[in-house]
Every structure is written in C-alpha cells, then in structure tokens.
Amino acid sequence: MSEADPSAGISKAVYGLLAVGSVAADGTKDVMTANWGTQVSFEPRLYSIAVQSDSHTASNIKATGVFSINFMPGGTHDLALKLTAHSTSGEGRLEGQESSVHETGAPVLGVAVGWVECKVVDSSQPGDHTVFFGEVVGGDVGPSSGEATTLAGVDLSYAG
Ligand SMILES: Cc1cc2nc3c(=O)[nH]c(=O)nc-3n(C[C@H](O)[C@H](O)[C@H](O)COP(=O)(O)O)c2cc1C
C-alpha cells in the first residue's frame, strides 16, 4: 500500500487566480500574484489572504492596513509571472499596467474582471504566511468584462 501524501491531496484543490494590491506607507503601490485567498464571513463581509510573512506585500499591508483583491481572467499567465517577480521597490510590477484606486488606495488592475478592497481587521501568523482578515469596504465587477480564471486555467500552481 502506498503511503498517504497530503501534498498530493492538496494539489487537487481548485483556486482562483488573484492579484493582491497593496500600498506602502509612502504611498507607493504594488501588486502581487496570489491564490491563497477567500471570503470568510458574510456579516461583516470579510475576505482573507495568506501572504508570505517576509514579503514586500506583507510589510505594505502591515504598514497601511489595506489591500485589494483582483480577480483575474484567463490569458494572464505572463502577467501573473510578472507579478510574481520578487519586488523590492514595489514600482516594477505595476509598470505598464492600467490601474485605478478607490477608497483604500490599494490598486485595482484594469485587466481584473472583479475586485474588492479591504481594511485589515485582524491577522494571524500560524506558519510561514501571515493571514490578513480584511473588511470589504468596496468592490465591483470589472473593470474588464469576462469571467475569472482558475489557477489551473493559466497553467500555474502554488500549493502543497
Ligand atoms: C501561481 C502563484 C500563486 C501564488 N500565490 C501566493 C499566495 O497566495 N501568497 C503569497 O504570499 N505568495 C504567493 N505567490 C508568490 C508571490 O507572488 C511571490 O513570492 C512574490 O514575489 C512575493 O511578494 P513580494 O515581492 O511582495 O515580496 C504565488 C506565486 C505564484 C506563481
């Protein structure tokens, strides 16, 4: 009998492709590819995201207490990889990307087919990622039309 493999089990999970927008204390905006995010409450409406604790994005969210979640469409494999490149300045990843800001200042990508923006109400660091819980203070469909993709739909994975 083969040994049980939790990592292989987790590989069957279905994720959406997200881009997490954040803003530094000096106002510099950034955006990072992610998939470990989900709604966790109706009332209040809360969205959570798990972010590598030593990442630029985590320090931005800790500094300003806000983030955005961009729901990405298909055909964005290359953009997702660009938004994965480790960012030190924060400027590089948004360069050439159409984006807008709303209530929180966290960027919403023009290519997104839906978005929410959140103010952090709690966080926890049980492992190597920090889980931020954000109250949803804004959001809509768009700016682009179409459906959101899954991670498998853009041939990427981040789980195990
Ligand atoms: C498909 C994919 C999904 C990812 N999902 C997450 C995630 O949910 N959380 C996370 O912290 N990093 C995730 N990453 C890694 C980050 O995008 C990457 O490490 C990023 O450069 C770190 O951010 P920083 O530049 O803000 O330090 C993912 C990477 C890929 C390719």
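In each ligand, atom 1 is the first atom listed, and ligand 1 is the first ligand listed.
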*For Lys62, which residues count as a salt bridge (charged side-chain N to carboxylate O under 4.0 Å, His left out) partner, sequence neighbours excluded?*
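Counting only residues at least two positions away or on another chain, Lys62 forms no salt bridge (charged side-chain N to carboxylate O under 4.0 Å, His left out).
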
*Met32, portion touching ligand 1 at heavy-atom distance under 4.0 Å*: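 Only the side chain of Met32 comes within reach of ligand 1.
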
*Does Trp36 approach ligand 1 within less than 4.0 angstrom via side chain, backbone, both or neither, non-hydrogen atoms only?*
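Contact part for Trp36 vs ligand 1: both backbone and side chain.
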
*Identify which of Thr84, Asp128, Asp155 has a heavy atom lying nearest to atom 20 (C) of ligand 1.*
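Answer by nearest heavy atom: Thr84.
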
Should [X] and [Y] be counted in the same cluster of Ile, Leu, Val, Met, Phe, Trp and Tyr side chains packed under 4.5 Å apart?
X      : Y      : answer
Leu46  : Val131 : yes
Tyr158 : Leu17  : yes
Tyr15  : Tyr47  : no

Need the ligand 1 atom indices (1-based, order shown) with element for anything under 4.0 Å from a heavy-atom of [X].
X      : answer
Leu156 : 1 (C)
His56  : 24 (P), 26 (O), 27 (O)
Thr57  : 26 (O)
Leu151 : 1 (C)
Ala85  : 21 (O)

Hey, is ligand 1 close enough to [X] that some N/O pair sits below 3.5 Å?
X      : answer
Asp54  : no
Ala50  : yes
Ser55  : no
Ser157 : no

*Rounded distance (nearest 0.5 Å) linking atom CG of Leu79 with atom CG of Leu109*: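 Between Leu79 CG and Leu109 CG, I get 6.5 Å after rounding to 0.5 Å.
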
*Is a side-chain donor or acceptor of Ser144 paired with a backbone partner of Val113 at a separation under 3.5 angstrom?*
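Answer holds: no.
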
*What pair of heavy atoms forms the shortest contact from Val23 to Thr104, and how long is it?*
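Nearest pair, atom of Val23 first, then Thr104: CG1-O, 4.4 Å.
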
*Residues two or more places apart in sequence or in another chain: which of them pass side-chain hydrogen bond (donor to acceptor under 3.5 Å, both in side chains) with Ser22?*
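So Ser22 forms a side-chain hydrogen bond (donor to acceptor under 3.5 Å, both in side chains) with Asn60.
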
